[in-house]
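Here's the structure, in structure tokens; my notes come after.
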Amino acid sequence: MIRLYNTLTRKIEEFKPLKKDYVRQYDCGPTVYWYAHIGNMWRYIISDFLRRTLEYNGYKVKQVMNITDVGHLTEDELAADTGEDKMEVSAKREKKTPKQIADFYTKAFFKDTQRLNILRPQVTPKATEHIDSMIQIIRTLEEKGYAYWAGDKYFVYDISKFKNYGRLSGKKLDELKLGARLEPVSGKKNPFDFALWIKDPKHLMHWNSPWGVGYPGWHIECSAMSMKYLGPTLDIHTGGEDNIFPHHENEIAQSEAATGKKFGRFWLHIRHNLVNGTKMSKSKGNFYVLEDLIDKDYDPLAFRYLCLTVHYRKNLNFTWQSLERAQRALNKLRQQVSQWEKGKKGCPEFEKEFLRAVNNDLNMPRALAITWDLLRSNYPDSSKKAAILKFDQILGLGLAEYKLIKPSKRVQQLVEKREKLRKQGQWQEADK
Ligand code: ZN
């Protein structure tokens, strides 16, 4: 039995897919105008744990993750009418077209996910290739009376027409109105009515539509692409906690109003990552991408290991010390396991415990602890290896592929020499 915390009900519930043995999983994907940072990667590693856990339980998983390659403005930015979105800014800065920018950073993103052993979703649709599907949904919403013009630029969704608005985030319409901090775009009935289409022929990326030349609002793309590849009802929808409101709330409002069917059955949200206990930001200088870790000689999988040590509903607090500890633990695990021959028999009691942990709302820290307990147990090494490699189908630490490389004699001598110099405090010589 798999149990997951469902944001929609605020409870841990038993998970069963709608269709027997087949799970439809949708993950909100990256906006590809810059490198993904390690907080993004923590979020995709958790989606990967989820998929692997479902597969470990014998489910066939169809996983879809969108690529946001249309530049978007947030509702705040729209209201402030700053004009340029991040994709446009990147395109100008790098003297490239938005498509070149998107292609470059999409490639970089998948290079990172591969290095982190994140399984590639079977479908990774691009927003720019699904404008027609978005237009179709907006047209349905218009026909059903859920959309109206706010001024002559914004074709928006009327949240007051959707009776379940606020259910996911626990926000109430009246409170939303009162607490609205943003200046409403002129003509909006409610400040949280959100753009479905923005009429703007001058926007760098634009398309024809029944509402004039322009581009789609951000939220509509996830509704369009998830339903195109997975049908009107998804088993699990994942995202970062900052997606709950308004992004996911709006996805639900659009999708359910258009189809009349339940959109997402389970909503799984991953908490933020922190760096040294504070929020990661470019201005604070604590903004890291995977390449920064690799530059300091860390293995990308050490970061994956670090992600295993924290539950997804807690903040992952990244520090260089914690990464160092993760790297050491990973090395130890690899060295140990690579020395053993794999046997046919596993270790049933540990395997049972492991399964119970991962199925209990993806309790990876517990699963990792069980792996170490097994390593230290009295089972024969061959059985331990058989079980641990099975666990690695979820952990994804590449333990089966890892081979202990014996350094050459010359390298060994140099290492010894370096250590000797370091002990004598001759740092410069040692480094040389
Ligand atoms: Zn989304």
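Here the structure is a predicted model, which is why all the values come from computation and not from measurement. Both ligands and their constituent atoms are indexed starting at 1 by order of listing.
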* To do: Measuring from the Zn ion (ligand 1), name the closest N, O or S atom belonging to Glu251.
  => OE2
* Would you mind checking if Arg304 and Asp48 are paired as a salt bridge, meaning a charged N to carboxylate O distance below 4.0 Å? => yes
* To do: List the steps, then state whether side-chain hydrogen bond (donor to acceptor under 3.5 Å, both in side chains) holds for Asp193 with Tyr148.
  => CA-CA 10 Å; Asp193 287 348; Tyr148 68 96; 2.6 Å; yes
* Asked: Please walk me through it: do Tyr165 and Asn250 pass side-chain hydrogen bond (donor to acceptor under 3.5 Å, both in side chains)?
  -> CA-CA 8 Å; Tyr165 197 83; Asn250 293 351; 2.5 Å; yes
* Reference residue Phe194; test ring pair (Phe, Tyr, Trp, His ring centres under 6.0 Å); the match among Phe155, Tyr154, Tyr157 -> Tyr157
* **Short N/O/S contact of His219 with the Zn ion (ligand 1) (below 2.8 Å)** => no
* Are any N, O or S atoms from Cys222 nearer to the Zn ion (ligand 1) than 2.8 Å? -> yes
